[in-house]
Amino acid sequence: MEKLPKIALPTIIIAIVLVILLAKSAVTIGSGEAGVLYKTFDNGVVTDQPPLGEGFHIVAPWNKVFIYEVRQQEILERMSVLSSNGLDIKLEASIWFQPDFAQLGKLHQEKSEMYKERVLLPAIRSAARSVVGRYTPEQLYSSKRDAIQQEIFEETKKIVEDQYVQLNEVLVRDVTLPPTIKEAIERKLKQEQESLEYEFRLVTAAKEAQKVIIEAEGKAESNRILSASLTDKILQDKGIDATVKLSESPNSKVIVIGSGDSGMPLILGNQ
């Protein structure tokens, strides 16, 4: 076996070094991610340029790239808060958020990769305590759930809007009251429903009674007007008209004899 040329060994060593450097310099950023470049010999974190986007990048081997997920994320937070009258309420909320892509360098420089624990969670806890403290347990249990959710979102957004975090939504998933308070509220709500149902029945019965009275009064007034307008002469004329029509019917046979007390003909039979 022939000896390798003298130049071969240095070439191999250089090639190996280049491969190692290339491996350390190559950075692949996945879908929904972005990279913050840290320049070891040039002022550290790059904040005056956009972060590195998805795909393959070559950076100097002495620099570093910190990769962040920039798509929407969710945190489920369970916390204990106090109502307006000091009762302990268990609140479960989902927070939808994502880092501000354009300010990712500043987020890394000032908050680091722990920004969720250092910024977002303290903000949502503070906002939840502030908002829930304005309401009674009964309001939390029933009518004010949507209002509370919106207020928590707005207050949290105010806290994080200058912290390089984009808050998309806060969803209150569950509000748990002490068992005794929950039972008392349910009893009260049931009693209120029964009271409303009873009042509805009373109103309905009163309306029906009023309707009957109005109909009776209308009928009585109609009879009074009709009685006042009828005379013996009108009744006699009506009777004559009816008798003539009956006599003209092909299916009738009328025998008239004499007259009645009112002078009307007496109909003895028909066919």
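Positions are given from 1, in the same order as the sequence printed here.
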>> Between V131 and E155, is the side chain to side chain contact (heavy atoms under 4.5 Å, CB included) condition met? List the steps.
In response: CA-CA 8 Å; V131 171; E155 292 210 11; 3.9 Å; yes
> Which ILVMFWY residues can you reach from L171 by hopping between side chains whose heavy atoms are under 4.5 Å apart?
Replying inline: W96
> Can you tell me how far CD of Q163 sits from CG of L120, rounded to the nearest 0.5 angstrom?
Replying inline: 10.5 Å
> Can V65 and V59 be said to form a side chain to side chain contact (heavy atoms under 4.5 Å, CB included), step by step?
Replying inline: CA-CA 8 Å; V65 175; V59 298; 4.0 Å; yes
>> For a quick test of reading the model, state the closest non-hydrogen atom pair linking G105 to V45 and the distance between them.
In response: O-CG1, 3.5 Å
> For F41, which fellow cluster members are found when Ile, Leu, Val, Met, Phe, Trp and Tyr are connected by side-chain heavy-atom distances below 4.5 angstrom, either directly or through intermediates?
Replying inline: W62
>> With a 4.5 Å cut-off on side-chain heavy atoms, are L177 and I89 touching?
In response: yes
> In terms of side-chain geometry, is the basic nitrogen of E92 or K90 positioned less than 4.0 Å from the acidic oxygen of its partner?
Replying inline: no
> Would you say the side-chain atoms of Q149 pair up with the backbone N or O of V172, donor to acceptor, closer than 3.5 Å?
Replying inline: yes
>> How close do I29 and G35 get, counting heavy atoms only, and between which atoms?
In response: CD1-N, 3.6 Å
>> Any heavy-atom pair between the side chains of D88 and L82 that's under 4.5 Å?
In response: yes
> Considering all heavy atoms of both residues, which atom of L167 and which atom of K157 are nearest to each other, and what is their separation?
Replying inline: CD2-N, 3.6 Å
>> Just checking K106: does its NZ atom have more than 12 heavy atoms from other residues, nucleotides or ligands closer to it than 6.0 angstrom?
In response: no
>> Assess the residue pair L37 and H57 against the criterion (side chain to side chain contact (heavy atoms under 4.5 Å, CB included)); give the C-alpha distance rounded to whole Å, side-chain angles, the decisive distance to 0.1 Å, and a yes or no.
In response: CA-CA 11 Å; L37 179 62; H57 300 271; over 6 Å; no
> Distance from Q109 atom CD to Q103 atom CD, nearest 0.5 Å?
Replying inline: 11.0 Å
> Between Y68 and Y115, is any pair of side-chain heavy atoms under 4.5 Å apart?
Replying inline: yes
>> Under a 3.5 Å distance rule, please check whether T156 uses its side chain to pair with a backbone N or O of I152 as donor and acceptor.
In response: yes
>> So, taking the atom named NZ in K111 and the one named OH in Y164, what distance separates them when rounded to the nearest 0.5 Å?
In response: 6.5 Å
> Can you tell me how far the CD atom of E74 sits from the CD1 atom of I95, to the nearest 0.5 Å?
Replying inline: 8.0 Å
> When you measure from the side chain of E33 to the backbone N and O of E54, does any donor-acceptor pair fall under 3.5 Å?
Replying inline: no
> Closest approach of M79 and E77, non-hydrogen atoms and distance?
Replying inline: CE-CG, 3.5 Å
>> What's the separation between atom OG1 in T47 and atom CD in E110, rounded to the nearest 0.5 Å?
In response: 9.0 Å
> Which residues satisfy the side chain to side chain donor-acceptor pair (under 3.5 Å) test with Y38, sequence neighbours excluded?
Replying inline: none
> Which atom names give the shortest non-hydrogen contact between Y135 and E151, and what distance separates them?
Replying inline: OH-OE2, 2.6 Å
>> Can a donor-acceptor pair be found, under 3.5 Å and without considering hydrogens, that links the side chain of D100 to the backbone of V165?
In response: no
> How about K116 and F97: do any of their side-chain heavy atoms sit closer than 4.5 Å?
Replying inline: yes
> Where do A123 and I159 come nearest, in terms of heavy atoms and distance?
Replying inline: CB-CG2, 3.6 Å
> To the nearest 0.5 Å, how far apart are CD in Q98 and CD in Q73?
Replying inline: 8.0 Å
